[in-house]
Amino acid sequence: MSLVQTSASDPPCSASLSLFDSSPVYRMACQQLATVASILHLDPNIVSRLMVPKRSLVVAVPIRRDTGETHTFIGFRVQHSLTSGASKGGLRYSPAVDLGEVAALSMWMSWKCGIMNLPFGGAKGGIACDPATLSRGELERLTRRYTEEVLSIIGPRVDVMAPDMGTDEQTMAWIYDTYSMKVGYACPEIVTGKPVELGGCVGRREATGRGVVFCIQEAFDELGIRPHEATAVVQGFGNVGSVVCQELQQRGVKVVAVGDRYGSIYNEQGIDIATLQKFVAAGNFLKDFPEAQRIPDDQLLTTPCTVLVPAALERVITATNAGKLRCRILAEAANGPTTPEADAILNQTDIYVIPDVLCNAGGVTVSYFEWVQDLQQFMWSEAQVNEKLRELMLKAFRQVRALAKNKNLPNRLAALSLGVQKVAIEKQKRGLFP
Ligand code: NAD
């Protein structure tokens, strides 16, 4: 399959075809962009620039394993757009990471920053590895060596990383330290999502999950759903998924099923999230939680519920299972959980979709707050952070809903239109160098 063309006179870019197009995730991101471009009647010259990431770096990351052997991992950093300011995006450690996936994620970050009106372009990075099989020492050496390898294209005004799947506050602390050692002064603004003790922002760890739940609450209000009568199913119990579960339960929603990469569990009466968190934090597998029953993984997403929250991987809602979803709201906490084919099926149903680029934008929003605080050396309180997050999330949510209603568009296309349009206008106004 080749890139979708925006018009007959707009051939797909050969650079993007050869470098990224073998990735289904990248093709999916391009397909979305092409659809939005035709809705917005965007200038094909701008669209062809938006289809290809601005800068991509592939690096070998050799590390010494605890056994004394050397192992070489492959790392990536892709900056989709540098038009709106520094590029911004997470760093992912996962066996499935490849250039196309990282490129797609970087493109989605551009639209997300556009929707939230943040002064950033999109970026993403990753290392193809399974962090669960690496010791703490190996992870530290991997992170520091990767930072060294991408040093020439990162910087607080150039490209700022944050945690994503398989990375956390500690990963960001190592990047901060490595970068600071290289430049010769402490530079906390090189990363966001770092420990609070090192200039991290209070509430950043919870921000993505909180933002997801602000969106769900808006959808509840619009649909007249009372949280106490609602149920939720969540795929993923990491940074994002666990906070979503916790915040939903605090609002009275019954979380009836949860899954992670090792298995899925169900309890019709609701799973006590605090107890589950303690159980998992003690080193147990979620699937072994004694206060719920095991269910097959492929049943998790089709479990009947009010709100379904994929908070793990991309492309989990496909043409095969989309027609079997039994939820009223699909809140996409993960990036890219729904394929375009599945999306077409969902558009024929009354499922209320809160698309990823809006739903999980709380993370980059509070990352922006953290970057601003570090640049100014002036820290905010958690109440200030949460209130400002709520304000920006609700503003974006309402803009998306207004556009969706006015133009009779699905929420996803409305959200993407807002994001793409902002970046396209900036590119148009800045012009083409030289
Ligand atoms: P994480 O590494 O903290 O957690 C990932 C969770 O997904 C884990 O519970 C893991 O077991 C589960 N998982 C992995 N493979 C799975 C599988 N095959 N089936 C079911 N579950 C599986 O990652 P995270 O930071 O919570 O990120 C989750 C998603 O949210 C990703 O798509 C990420 O890009 C997106 N996201 C994260 C942030 C953030 O601030 N961390 C911001 C925006 C979007």
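As the structure lists them, so they are numbered: ligands from 1, and atoms in each ligand from 1. We're numbering straight along the sequence, starting at 1.
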Ligand 1 N/O to protein N/O, distances under 3.5 Å:
{"unit_1": "ligand 1", "atom_1": "2 (O)", "unit_2": "G166", "atom_2": "N", "d": "3.0"}
{"unit_1": "ligand 1", "atom_1": "3 (O)", "unit_2": "N239", "atom_2": "N", "d": "2.9"}
{"unit_1": "ligand 1", "atom_1": "9 (O)", "unit_2": "F237", "atom_2": "N", "d": "2.9"}
{"unit_1": "ligand 1", "atom_1": "9 (O)", "unit_2": "G238", "atom_2": "N", "d": "3.2"}
{"unit_1": "ligand 1", "atom_1": "11 (O)", "unit_2": "R261", "atom_2": "N", "d": "3.1"}
{"unit_1": "ligand 1", "atom_1": "21 (N)", "unit_2": "R261", "atom_2": "N", "d": "3.3"}
{"unit_1": "ligand 1", "atom_1": "26 (O)", "unit_2": "N239", "atom_2": "N", "d": "3.3"}
{"unit_1": "ligand 1", "atom_1": "26 (O)", "unit_2": "V240", "atom_2": "N", "d": "2.9"}
{"unit_1": "ligand 1", "atom_1": "32 (O)", "unit_2": "A312", "atom_2": "O", "d": "2.9"}
{"unit_1": "ligand 1", "atom_1": "32 (O)", "unit_2": "N335", "atom_2": "N", "d": "3.2"}
{"unit_1": "ligand 1", "atom_1": "34 (O)", "unit_2": "R92", "atom_2": "NH2", "d": "2.9"}
{"unit_1": "ligand 1", "atom_1": "34 (O)", "unit_2": "D164", "atom_2": "OD1", "d": "2.8"}
{"unit_1": "ligand 1", "atom_1": "34 (O)", "unit_2": "D164", "atom_2": "OD2", "d": "3.4"}
{"unit_1": "ligand 1", "atom_1": "34 (O)", "unit_2": "N335", "atom_2": "ND2", "d": "2.8"}
{"unit_1": "ligand 1", "atom_1": "40 (O)", "unit_2": "R204", "atom_2": "NH1", "d": "3.4"}
{"unit_1": "ligand 1", "atom_1": "40 (O)", "unit_2": "R204", "atom_2": "NH2", "d": "3.3"}
{"unit_1": "ligand 1", "atom_1": "40 (O)", "unit_2": "T208", "atom_2": "OG1", "d": "2.7"}

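- Proximity of the aromatic rings of F120 and Y368 is defined here by a centroid distance below 6.0 angstrom, and this criterion is met.
- Residues T178 and R144 have side chains that bring a donor and an acceptor to within less than 3.5 angstrom of each other.
- For Q250, the CD atom sits in a packed shell: over 12 heavy atoms of surrounding residues, nucleotides or ligands are nearer than 6.0 Å.
- Side-chain contact, D159 with Q79: a donor N or O sits under 3.5 Å from an acceptor N or O.
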Show me the donor-acceptor pairs within less than 3.5 Å that the side chains of residues 281-293 make with the rest of the protein, sequence neighbours left out.
{"unit_1": "N284", "atom_1": "ND2", "unit_2": "F279", "atom_2": "O", "d": "2.8"}

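- Classified by interplanar angle (parallel below 30°, tilted 30° to 60°, perpendicular above 60°), the ring pair W111/H80 is perpendicular.
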